[in-house]
Visitor: 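What follows is a single structure, and I will ask about it in a moment.
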Amino acid sequence: MKITPERKQLYGMYHWLMDAYGPQGWWPILSHQGKNPTMTGDFKGYHPGDYSYPQSSTHQFEIALGAILTQNTAWRNVEKALLQLQSARSLSAKKIKQLDINTLKQLIRPAGYYNQKAQYIKNYCDFFSSLKGSVPTRALLLSCKGIGNETADSILLYAYSQPEFVIDTYTKRIFFALGLCKQDESYMTLKTLCEQNLDKDVQLYQEYHALLVEHAKRYYSKKPYGVDDPLPVHCKKKLL
DNA sequence: AACCAGGACGTGA
DNA sequence: TCACGTCATGGT
């Protein structure tokens with residue numbers, strides 16, 4: 001691995017974030033062992049520091065489901081949808097396939113965009129079954145309607161432990177503020193920037209994305225973005 | 001009461 | 001390629 005200024009900055013940011021917030025416990029899994037029902041998973045995962053997840057294909061499916069439901073949606077709303085599916089004993093690909101589309105829409109309604117997401121989920125259930133436990137390629141996931149760049153990478157990284165770095169709008173805001181990219185930089189450019197400057201480490205990728213989200217929720221949610229962000233003082237690339 | 005949330009798709013330049 | 005409109009509930 002070439003030692004670049006970007007590499008130094010990316011690792012500097014990571015260590016600062018980890019020191020500040022600690023392990024995040026992503027991806028939140030509703031049906032994990034010894035769950036704490038009071039923990040919402042809004043700002044933290046349910047099991048920080050426990051890297052034994054996912055532990056079953058049930059978990060893998062639940063993570064993918066959450067990844068679709070959380071598209072442009074707050075996790076607390078996704079959690080309501082997941083809990084309703086669980087109450088209906090339908091938190092599995094097999095069960096959802098048996099559900100009437102309109103019933104599914106009502107169950108996931110709290111997560112918003114329920115008309116399109118219900119169809120996306122139906123699509124994914126068929127896709128998931130066809131995998132028969134194998135790990136999907138990124139291209140195959142992207143061919144599934146409703147799965148774009150971020151959702152595909154989230155599924156691969158958190159459900160299948162594949163070293164795919166996840167980019168989201170929060171990541172873009174932070175990277176722009178720190179001078180790592182231009183405004184509205186493309187998804188793939190940022191993904192490549194991270195993957196070419198960081199060691200190919202699944203645990204690192206998992207924590208890094210979760211930490212960026214945690215940090216962004218604190219400093220990059222309302223405009224103007226990045227006010228009082230302590231990160232640049234420590235990690236911003238020095239200007240000439 | 002506007003504004004935002006762990007995006008993706010379809011459309012038209 | 002790329003900018004833009006659309007999809008929708010729930011919290012602040």
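A quick note: this is a predicted structure, and the numbers were derived from the prediction, not measured. Sequence lines set the chain letters: A, B, ... in the order given, protein chains first and strands last, and positions in each chain run from 1. Computed over heavy atoms, backbone and side chain alike; hydrogens, waters and symmetry mates excluded.
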Visitor: Any side-chain N or O of Thr151(A) under 4.0 Å from OP1/OP2 of dA8(B)?
Guide: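 Yes, Thr151(A) has a side-chain N/O under 4.0 Å of OP1/OP2 on dA8(B).
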
Visitor: Could you work out which one of dC4(B), dA5(B), dG11(C) sits closest to the side chain of Lys223(A)?
Guide: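 Looking only at side-chain atoms, Lys223(A) lies closest to dC4(B).
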
Visitor: For Leu212(A), report the nucleic acid contact type (base, sugar-phosphate, nothing); a contact means any heavy atom under 4.0 Å.
Guide: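 Contact class for Leu212(A): none.
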
Visitor: Quick one: which of dG7(B), dA5(B), dC7(C) gets closest to the side chain of Gln116(A)?
Guide: dC7(C)

Visitor: When you measure from the centre of the six-membered ring of Tyr225(A), is the NZ or CZ of Arg173(A) closer than 6.0 Å and no more than 45° off the axis?
Guide: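 Judged by the rule, Arg173(A) and Tyr225(A) form a cation-pi pair.
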
Visitor: Do Ile174(A) and Met13(A) have side-chain heavy atoms sitting under 4.5 Å apart?
Guide: yes

Visitor: Over all strands shown, is Gly112(A) touching base, sugar-phosphate only, or nothing at heavy-atom distances under 4.0 angstrom?
Guide: base

Visitor: Identify whether any heavy atom of Lys117(A) sits under 4.0 Å from a base atom; if not, whether one sits that close to sugar-phosphate; answer base, sugar-phosphate or nothing.
Guide: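 The residue Lys117(A) makes no contact with any strand.
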
Visitor: Please measure how far the P atom in dG10(B) lies from the corresponding atom in dA8(C), and state the result in whole Å.
Guide: 14 Å

Visitor: Tyr120(A) has an atom OH; how far is it from atom P of dC7(C), in whole Å?
Guide: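 Result: 12 Å.
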
Visitor: When you measure from the side chain of Tyr170(A), which nucleotide among dA5(B), dC4(B), dG7(B) comes out closest?
Guide: dA5(B)

Visitor: Nearest whole Å is fine: how far is dC9(B) P from Asn123(A) CG?
Guide: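 Going from Asn123(A) (CG) to dC9(B) (P), I get 10 Å.
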
Visitor: Please measure how far the P atom in dG5(C) lies from the corresponding atom in dC3(B), and state the result in whole Å.
Guide: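 The same atom, P, in both gives a distance of 15 Å.
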
Visitor: Nearest whole Å is fine: how far is dA5(B) C1' from Arg76(A) CZ?
Guide: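 So the two atoms are 7 Å apart, to the nearest Å.
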
Visitor: Under the 3.5 angstrom rule, does the side chain of Ser143(A) hit a backbone N or O of Leu140(A) as a donor-acceptor pair?
Guide: yes

Visitor: For the side chain of Glu150(A), starting at C-beta, report the closest nucleotide among dG7(B), dA8(C), dG10(C).
Guide: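 The answer is dG7(B).
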
Visitor: Ser221(A) near the nucleic acid: base, sugar-phosphate alone, or nothing, with a heavy-atom cut-off under 4.0 Å?
Guide: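 It contacts sugar-phosphate atoms only.
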
Visitor: In whole angstrom, what separates Gln84(A)'s CD from dG10(C)'s P?
Guide: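 Result: 9 Å.
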
Visitor: Nearest heavy-atom pair of Pro54(A) and Ala159(A): which atoms, and what distance?
Guide: CG-O, 3.2 Å

Visitor: Quickly work out the Arg218(A) CZ to dA5(B) P distance and round it to whole Å.
Guide: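 It is 16 Å, rounded to the nearest whole Å.
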
Visitor: Round to the nearest Å and state the distance from Tyr113(A) atom OH to dC9(B) atom P.
Guide: 14 Å

Visitor: Rounded to whole Å, how long is the line connecting atom NZ of Lys222(A) with atom P of dA5(B)?
Guide: 11 Å

Visitor: Given side-chain hydrogen bond (donor to acceptor under 3.5 Å, both in side chains), test His209(A) with Asp153(A) step by step and report yes or no.
Guide: CA-CA 11 Å; His209(A) 174 63; Asp153(A) 285 334; over 6 Å; no

Visitor: Measure from the side chain of Arg109(A), starting at C-beta and using heavy atoms only, and say which of dT9(C), dG7(B), dA5(B) lies closest.
Guide: dT9(C)

Visitor: Does the side chain of Thr171(A) come within less than 4.5 Å of Ile167(A)'s, by heavy atoms?
Guide: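 The answer is yes, as the side chains (C-beta and beyond) meet within the 4.5 Å cut-off.
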
Visitor: What is the distance, rounded to the nearest whole Å, between atom CG of Asn72(A) and atom C1' of dG10(C)?
Guide: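 To the nearest whole Å, that distance equals 13 Å.
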
Visitor: Would you mind telling me which residue lines up with the more 5' stretch of DNA chain B, Thr70(A) or Leu142(A), judged by nearest nucleotide?
Guide: Thr70(A)

Visitor: From dA8(C), dG7(B), dG10(C), pick the nucleotide closest to the side chain of Asn115(A)?
Guide: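 The answer is dA8(C), which lies nearest to the side chain.
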
Visitor: With nearest nucleotides of DNA chain B determined for Trp75(A) and Gly146(A) from heavy-atom distances, which residue corresponds to the more 5′ nucleotide?
Guide: Trp75(A)

